[in-house]
Amino acid sequence: MKRRKFLKNSSLSTAGIFSASLLASCETDKKPQAVNKTIKPIVIATWDVLNATNKAWQVLNNAGTALDAVEQGVMIEEADINNQSVGKGGRPDRDGNVTLDACIMDKDSNCGAVLYLKNIVHPISVARKVMQETPHVMLAGKGAELFAYQKGFKKENLLTEKSKAEWLEWKKTSKYQPIINIENHDTIGMLAIDSKGDIAGACTTSGMAYKIGGRVGDSPIIGAGLFVDNEVGGATATGVGEEVVRTVGSFLIVELMRQGKTPQEACEEGVKRIISKNKEKLDFQIGFIAINKKGETGGYCIQPGFTYRVYSEQGHINKTASSYISS
């Protein structure tokens, strides 16, 4: 009896100790987590698009959201007729049509995209409308164009005299051979972190010059040309889109960062993954940029010549990305 009583008392004591420990643990869990007070806004974009990153920084510096920053930032290039790889003034396909692709992604993994869009200067804004005002992610071709008109976008001829003259000259030989860092300078991809620590991204392009009508590259494809995970970071790409699609490049880079790689290390691995599938012939350009939740950035490419813009409290810098093939 004494032994039975002892065991009973011991069990009750143990249970009491366990319960007290569990309650203490629960109380600890209830305590608010420390807030990261070191969040600093930052924007990063493919290529030397000074005006675009300047606009995005203005939005961020006025306590705007990362989503507004990337949209308004890339809109600058879409409206710049001197940029013949994005928006109005973009180089046409081989039939003389300027067709635009774009996608956008926010902190909650909402995303929208338009593909093969004609006659609209700002495809990125149409993509945002798709994201926020439809149950869909992508709209293409005539359907995307009609949707844009329904949302108040104006029809406008995107083929400028300069791009038309170059297209007519190209037709004399009709030789399709993209030139590294020129015709492949076909995209502006932008990533931003706002003062709340939220990340968003945008990507917009007129695609490869003199492409087959209907061709779509990686730029409007979520996971290929752009990917954002607010817990980890974001990545975007430029270059020959077909190669980025084959490796789902931007998603890969974000996942590598999730596994602990820095943005620079992740971009390098993303490029090397593409190279591993093209060992015999590296006559094209691919460039990646990335940002993580800490605000660290990275960029890497196959061929020398790719640059990217970074704007933060530390300044407005155009960085030359390191490359797999040395200059």
J.: Supply the atom-to-atom distance L100 CG to L117 CG, rounded to the nearest 0.5 angstrom.
T.: 6.0 Å
J.: Transitively linked via ILVMFWY side-chain contacts under 4.5 Å: L252 with I289?
T.: no
J.: Between E255 and R258, is a salt bridge (charged side-chain N to carboxylate O under 4.0 Å, His left out) present by the stated rule, with each step listed?
T.: CA-CA 5 Å; E255 285 304 297; R258 188 192 301 278; 3.1 Å; yes
J.: May I ask you to decide whether K281 forms a salt bridge with D283, counting only side-chain N to carboxylate O separations under 4.0 Å?
T.: yes
J.: Would a distance-only check, ignoring hydrogens and angles, find a side-chain to backbone donor-acceptor pair under 3.5 Å from N278 to L282?
T.: no
J.: Just so I know, are the side chains of I222 and M105 near enough to count as touching, which here means a heavy-atom distance under 4.5 Å?
T.: yes
J.: Applying the 4.5 Å side-chain criterion to the ILVMFWY set and letting contacts propagate, would L139 and F153 be lumped into a single cluster?
T.: yes
J.: I'd like to know if the side chain of D194 and the backbone of A66 have a donor-acceptor N/O pair within less than 3.5 Å.
T.: yes
J.: Give, for atom CD of Q132 and atom CG of D106, the distance between the pair rounded to the nearest 0.5 Å.
T.: 7.5 Å
J.: Applying side chain to side chain contact (heavy atoms under 4.5 Å, CB included), run through M208 and V240 and close with a yes or a no.
T.: CA-CA 8 Å; M208 290 290 190; V240 179; 3.7 Å; yes
J.: Can you tell whether the side chains of K118 and E145 come within less than 4.0 Å, N to carboxylate O?
T.: no
J.: Are F288 and Y300 an aromatic pair, judged by ring center distance below 6.0 Å?
T.: no
J.: Are more than 12 heavy atoms, taken from residues, nucleotides or ligands other than I275, located less than 6.0 Å from that residue's CD1 atom?
T.: yes
J.: Verify, without hydrogens or angle tests, whether D93 (side chain) and K211 (backbone) share a donor-acceptor contact under 3.5 angstrom.
T.: no
J.: Do the side chain of N83 and the main chain of S85 share a donor and acceptor less than 3.5 angstrom apart?
T.: yes
J.: Any luck finding a side-chain donor-acceptor pair between W47 and T307 under 3.5 Å?
T.: no
J.: Just checking, any donor-acceptor pair under 3.5 angstrom between side chains of E268 and Q264?
T.: yes
J.: Look at the side-chain heavy atoms of Ile, Leu, Val, Met, Phe, Trp and Tyr, link any pair under 4.5 Å apart, and say whether V98 and V121 land in one connected group.
T.: yes
J.: Could you go step by step and tell me if I193 and I291 meet the side chain to side chain contact (heavy atoms under 4.5 Å, CB included) rule?
T.: CA-CA 9 Å; I193 300 178; I291 192 168; 3.7 Å; yes
J.: Looking at W167 and Y210, would you say the former's side chain and the latter's main chain have a donor-acceptor pair under 3.5 Å?
T.: no
J.: Going by heavy atoms in the side chains, are L256 and Q259 under 4.5 Å from each other?
T.: yes
J.: Report yes if some heavy atom in the side chain of E78 is under 4.5 Å from a heavy atom in the side chain of P123; otherwise report no.
T.: yes
J.: Working to the nearest 0.5 Å, report the span between CD1 of I120 and CG of L158.
T.: 8.0 Å
J.: Treat each ILVMFWY residue as a node, draw an edge where side-chain heavy atoms are under 4.5 Å apart, and state whether V137 and I221 are in one component.
T.: yes
J.: Would you call V43 and L191 a side-chain contact if the rule is heavy atoms closer than 4.5 Å?
T.: no
J.: Under a 3.5 Å cutoff, is there a donor and acceptor pairing between the side chains of T204 and E77?
T.: no
J.: Using every non-hydrogen atom in the two residues, find where P263 and G298 come nearest and quote the distance to one decimal.
T.: CB-N, 3.6 Å
J.: Between R246 and E243, does any side-chain N to carboxylate O distance fall below 4.0 Å?
T.: yes
J.: Any luck finding a side-chain donor-acceptor pair between K151 and S125 under 3.5 Å?
T.: no
J.: Quick check against the 3.5 Å criterion: does N62 have a side-chain atom that pairs as donor or acceptor with the backbone of G64?
T.: no
J.: Indicate whether the side chain of T99 and that of N97 have a donor and an acceptor atom separated by less than 3.5 Å.
T.: no
J.: What distance separates D101 CG from Y116 OH, expressed to the nearest 0.5 Å?
T.: 10.5 Å
J.: Can D68 and R128 be counted as an ion pair, charged N to O under 4.0 angstrom?
T.: yes
J.: Crowded around L168 CG? As in, over 12 foreign heavy atoms under 6.0 Å?
T.: yes
J.: Between K196 and I39, is any pair of side-chain heavy atoms under 4.5 Å apart?
T.: no
J.: Which heavy atom of I199 sits nearest a heavy atom of D229, and at what distance?
T.: CD1-O, 4.2 Å
J.: Does the side chain of T187 pick up a donor-acceptor pair with the side chain of S219 at under 3.5 Å?
T.: yes
J.: Between N230 and K293, do the side chains contain an N or O donor and an N or O acceptor separated by less than 3.5 Å?
T.: yes
J.: Under the side chain to side chain contact (heavy atoms under 4.5 Å, CB included) rule, what do V254 and F251 come out as? Steps first, then yes or no, please.
T.: CA-CA 5 Å; V254 172; F251 174 79; 5.7 Å; no
J.: Give a yes or no on whether I188 and I124 share a hydrophobic cluster (residues Ile, Leu, Val, Met, Phe, Trp, Tyr; joining criterion: side-chain heavy atoms under 4.5 Å apart).
T.: yes
J.: Going through the checks in order, is the side chain to side chain contact (heavy atoms under 4.5 Å, CB included) test met by M138 and V130?
T.: CA-CA 7 Å; M138 294 183 181; V130 172; over 6 Å; no
J.: Looking at I302 and Q285, what are the two nearest heavy atoms and their distance?
T.: N-OE1, 3.2 Å
J.: Find out whether Q303 and I286 are in side-chain contact, i.e. whether some heavy atom of one side chain is under 4.5 Å from a heavy atom of the other.
T.: no
J.: Is a side-chain donor or acceptor of T53 paired with a backbone partner of L50 at a separation under 3.5 angstrom?
T.: yes
J.: How about Q84 and E166: does a side-chain donor come under 3.5 Å of a side-chain acceptor?
T.: yes
J.: Tell me whether E269 is salt-bridged to K272, with the criterion being a basic N under 4.0 Å from an acidic carboxylate O.
T.: no
J.: Which atoms form the tightest heavy-atom contact between A237 and S250, and what is the distance?
T.: N-OG, 4.0 Å
J.: Is the shortest distance from a Lys or Arg side-chain nitrogen in E242 or R215 to a carboxylate oxygen in the other one below 4.0 Å?
T.: yes
J.: Grab the two heavy atoms, one from P220 and one from L115, that are nearest each other, plus how far apart they are.
T.: CG-CG, 3.8 Å
J.: Less than 4.5 Å apart, side chain to side chain, heavy atoms only: is that true for T320 and Y308?
T.: no
J.: Locate the shortest heavy-atom distance separating M257 from A266; write the atom from each residue and the value.
T.: CG-CB, 3.7 Å
J.: Do Y311 and I42 come close enough that some side-chain heavy atom pair is under 4.5 Å?
T.: no
J.: Any sub-3.5 Å donor-acceptor pair from S195's side-chain atoms to A63's backbone N or O?
T.: no
J.: To the nearest 0.5 Å, how far apart are CZ in F227 and SG in C103?
T.: 11.0 Å
J.: Just how far is it from atom CZ of F284 to atom CD1 of I274, taken to the nearest 0.5 Å?
T.: 6.5 Å
